[in-house]
Amino acid sequence: MRFSMSGRPRGLALSILIAASCLTLPLCLTSTPSYALSEIQREDLPSPGTPPATGDSAAPGATVPMPEAPATKPSDQPADDTDKSEPETPPANGGITSPHTHPDAPPPAVVYDLNTLPEPVKRMHGLIIEACRTGDIEKLRSLIGKGDSMTQLSLGDIDGDPITFLKSLSGDGDGQEILAILEEVLSAGYVHIDTGTPQELYVWPYFFALPLDKLDPRQRVELFKLVTASDYDDMKQFGAYIFYRVGITPTGQWLFFVAGD
């Protein structure tokens, strides 16, 4: 199946606007399906430097499930007086926006053989795939978990039930579209990053950890199973793969399923 962020079957469009905007505007909060990268005016797409110029929007009706980062409440606490000279604790998620890689280091190896995965990781991968193929999004509930160990489904906090949240991202309203995306992501090659550190992770798809402008023709074909060529161009200008990705820890915890930056 070919997933895209601007068409269907190119029928699974993606919106980077909401998740990206919520990193810079912590008071935004919506739960409506988002739009494809190609539908977003580039002036709305965040980037480390000056936002790129806008392109044409995608065809009408091309919506994409996209997790939105809900608003956070303003804190009444006084400013933090912590000594900034102390090193900050690295995030426990291994970096869901981009991997922890040295710019001069070679990219991590792309792996397709699931038999090389640790047994807990292989088991969780298989359980998620199996749940997706049932077509019943409720089958993900026990895998997502709850509390502090719950799978992260947005770059910001979510309120309410996680399955309801996932349904709200799915263009069909029942969750089959988001299940299809999740299965397709987990069918791609993966990378093993931050080996030997507390942030060690197995991440699908491998585009997460590779420079997009360095992908060879075969890898671009694999990428176009998930996104369109125009989305690929947008992501290259942004500087990172920002469609859906999945992270699983070496102990088999499903850590995140998110999109955006």
Side-chain angles (χ1 to χ4, degrees), residues 1 3-5 8-9 11-23 28-36 62-73 92-94 96-97 120-188 201-205 208 226 242-249 251-261:
M1 178 179 290
F3 292 100
S4 75
M5 296 192 287
R8 184 186 178 117
L12 303 175
L14 164 68
S15 167
I16 304 310
L17 171 64
I18 303 299
S21 298
C22 289
L23 289 182
C28 69
L29 173 60
T30 62
S31 60
T32 58
S34 308
Y35 299 91
T63 58
V64 73
M66 183 69 187
E68 301 170 1
T72 56
K73 296 180 179 179
N93 58 28
I96 63 175
T97 296
V121 182
K122 182 179 178 182
R123 180 175 182 274
M124 177 56 76
H125 178 276
L127 289 173
I128 300 172
I129 290 286
E130 181 180 348
C132 290
R133 290 175 179 172
T134 67
D136 182 2
I137 199 166
E138 279 290 338
K139 299 295 184 182
L140 293 179
R141 185 178 295 279
S142 62
L143 304 178
I144 290 173
K146 55 186 177 180
D148 293 339
S149 62
M150 189 178 81
T151 302
Q152 184 171 353
L153 302 175
S154 169
L155 295 180
D157 295 332
I158 65 171
D159 294 323
D161 180 66
I163 298 301
T164 301
F165 176 76
L166 288 177
K167 286 181 178 180
S168 74
L169 304 177
S170 194
D172 61 290
D174 292 323
Q176 279 86 51
E177 187 177 41
I178 203 72
L179 288 175
I181 291 176
L182 177 55
E183 181 182 353
E184 191 73 9
V185 166
L186 286 172
S187 298
L201 276 178
Y202 294 84
V203 182
W204 288 259
F208 167 83
L226 291 169
I242 48 178
F243 195 48
Y244 284 89
R245 57 265 195 195
V246 170
I248 302 177
T249 70
T251 59
Q253 179 188 356
W254 181 11
L255 200 61
F256 59 78
F257 173 50
V258 297
D261 202 321

Would the distance check show the side chain of [X] and the main-chain N or O of [Y] forming a donor-acceptor pair, the cut-off being under 3.5 Å?
X	Y	value
Gln253	Leu255	no
Thr151	Phe256	no
Glu183	Cys132	no

Between [atom1] on residue [X] and [atom2] on residue [Y], distance to nearest 0.5 Å:
X	Y	atom1	atom2	answer
Trp204	Ile248	CH2	CD1	4.5 Å
Leu155	Asp157	CG	CG	11.0 Å
Leu226	Phe243	CG	CZ	6.0 Å
Ile178	Ser168	CD1	OG	9.0 Å
Glu177	Ser170	CD	OG	5.0 Å
Lys139	Ile144	NZ	CD1	13.5 Å

Under 3.5 Å, sequence neighbours excluded: what are the donor-acceptor pairs made by side chains of residues 121-129?
residue	atom	partner	partner atom	Å
Lys122	NZ	Asn115	OD1	2.8
His125	NE2	Leu186	O	2.9

Ignoring hydrogens, what is the shortest heavy-atom contact between [X] and [Y]? Give both atom names and the distance.
X	Y	value
Val246	Leu182	CG2-CD1, 3.5 Å
Pro205	Tyr244	CD-O, 3.5 Å
Thr134	Glu130	CG2-O, 3.2 Å
Ala131	Leu140	CB-CD2, 3.7 Å
Val258	Ser154	CG1-N, 3.6 Å

| message | Would you say that Ile158 contacts Met150 through its side chain, given a criterion of any heavy-atom pair below 4.5 Å between the two side chains? | response |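 Of all side-chain heavy-atom pairs linking Met150 with Ile158, at least one is under 4.5 Å.
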
> Heavy-atom distance under 4.5 Å between the side chains of Ile137 and Asp174, does that happen here?
Replying inline: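 When only atoms from C-beta onward are counted, Asp174 and Ile137 do not touch, as no gap falls below 4.5 Å.
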
List the steps and the verdict of salt bridge (charged side-chain N to carboxylate O under 4.0 Å, His left out) for Asp172 and Lys167. CA-CA 8 Å; Asp172 61 290; Lys167 286 181 178 180; over 6 Å; no

